[in-house]
Amino acid sequence: AFMPGVMPLPATFGDYDLLEEIGRGGMGVVYRATQRSLGRSVAIKMLLRRDLATPADLARFRSEAEAAAQLDHPGIVSIFEVGECDGHPFYSMQLVEGTTLAKRLLRGPIPAREAAMLLAKVADAVHAAHVRGVLHRDIKPGNILLAPLPTAEPDSDLAEFQPKLADFGVAKVIGGNFNVLATDVYKQVIGQQNFSMGAVVGMVLLLPAALAFAVDRIVQRKQVALLTARAVPLVPKRKWGRDALFTLYCLVIEIGRAHV
């Protein structure tokens, strides 16, 4: 029988020919494969040790597949099939020919403009998931794949790559309703389910960011005022009493000097 992570490759697994291992984690392994019925290249993910998996492990694996399967967005790895073969649960997904953002960062820092453009695409994918009520909860450089566009060259900048969010292993499906989203925030912090309190907790969590934004705006305005201000010569205001006394004092000095 086929044993993930142990059997030599290539190997046959249902409708798929497993060609090589392309990724491995604590619980799962990912293979490059060919789906014979459709003649397409895919990636297959399955549990490493089905015999040692607990019911919680199986539920987590299935929830990962179901969460990602709900989403259809160019910035999210597509799920093609969820099933089981010879007692091994698996799912097939889009094969991304590229690297990860984590590996790209090992080459050095990314220019600010490229990083901003890349993260804007990632944010759009995360927003699409949230609209469908799916919280990824594990967004990190290692879970962002960089798929080269047809015009990309080996040394192209990141504008020539489409980031794709992957690995929904700890994702949570909570529905696409804001009330549910706010309640889920509260549940994660307090452990109860109450929308009004969830909204309050959510606002409290946002207060530091809002305060930092307000301070930054004030500082920016002060800087603009300093940079755009014009130099104006100081013109002292006239005070008749003070000026008269000063004039009289000068006259006395001059008269005294004339009689010396």
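By convention here, the first residue in the shown sequence is residue 1.
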Show me the donor-acceptor pairs, under 3.5 Å and distance only, between side chains in residues 15-27 and residues at least two apart or in other chains.
from, atom 1, to, atom 2, distance (Å)
Asp15, OD1, Ser37, N, 3.2
Asp15, OD2, Gln35, NE2, 3.4
Asp15, OD2, Ser37, OG, 2.5
Tyr16, OH, Glu81, OE1, 2.3
Tyr16, OH, Ser92, OG, 3.3
Asp17, OD1, Arg36, NH1, 2.8
Glu20, OE2, Arg32, NE, 2.7
Glu21, OE1, Arg24, NH2, 2.8
Glu21, OE2, Arg24, NE, 2.8
Glu21, OE2, Arg24, NH2, 3.4
Arg24, NH2, Gly5, O, 3.3

Could you list the donor-acceptor pairs under 3.5 angstrom formed between side-chain atoms of residues 108-125 and any protein atom two or more places apart in sequence or on another chain?
from, atom 1, to, atom 2, distance (Å)
Glu114, OE1, Leu158, N, 3.0
Lys121, NZ, Phe161, O, 3.4
Asp124, OD2, His73, NE2, 2.8

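For the pair Leu146 and Lys103, the minimum side-chain heavy-atom distance is 4.5 Å or more. Contact annotation: the side chain of His130 approaches that of Leu135 to within less than 4.5 Å [non-hydrogen atoms, C-beta and beyond].
Partners of Ala11 according to the side chain to side chain contact (heavy atoms under 4.5 Å, CB included) rule, which considers only residues two or more places apart in sequence or in another chain, are Phe2, Leu9. In this structure, the side chain to side chain donor-acceptor pair (under 3.5 Å) partners of Thr54, at least two apart in sequence or on a different chain, are Asp57. Under the side chain to side chain donor-acceptor pair (under 3.5 Å) criterion, Asn143 pairs with Asp138, not counting sequence neighbours. In this structure Lys45 satisfies the side chain to side chain donor-acceptor pair (under 3.5 Å) test together with Glu64, sequence neighbours excluded. Partners of Glu66 by side chain to side chain donor-acceptor pair (under 3.5 Å), not counting sequence neighbours: none found.
The shortest non-hydrogen separation linking Cys85 to Gly14 is SG-N, 3.6 Å. Here the closest non-hydrogen pair linking Val82 and Ala65 is CG2-CB, 3.7 Å. Across every non-hydrogen atom of Gly142 and Thr100, the tightest pair is O-CG2, 3.9 Å. Closest of all the heavy-atom pairs between Pro163 and Ile144 is CB-CG2, 3.9 Å. Contact detail for Pro4 and Met46: the closest heavy-atom pair is CG-SD, 3.4 Å. Among all heavy-atom pairs drawn from Ala128 and Leu71, the shortest one is O-CD2, 4.5 Å.
Sorted by first and then second residue, the ring pair (Phe, Tyr, Trp, His ring centres under 6.0 Å) pairs with a member in residues 30-63 read Phe61-Tyr91; sequence neighbours excluded.
Here Gln162 contributes atom CD and Leu145 contributes atom CG; the two are 11.0 Å apart, rounded to the nearest 0.5 Å. Here the straight-line distance linking atom CD of Gln70 with atom CZ of Phe168 works out to 10.0 Å at 0.5 Å rounding.
One hydrophobic cluster holds both Val29 and Val6 under the rule that ILVMFWY side chains link at heavy-atom gaps under 4.5 Å.
Counting non-hydrogen atoms of neighbouring residues, nucleotides and ligands closer than 6.0 angstrom, the CZ atom of Arg62 reaches no more than 12 such neighbours.
Taking the six-membered ring where tryptophan is involved, the planes of His88 and Phe13 are tilted, since the angle between them lies from 30° to 60°.
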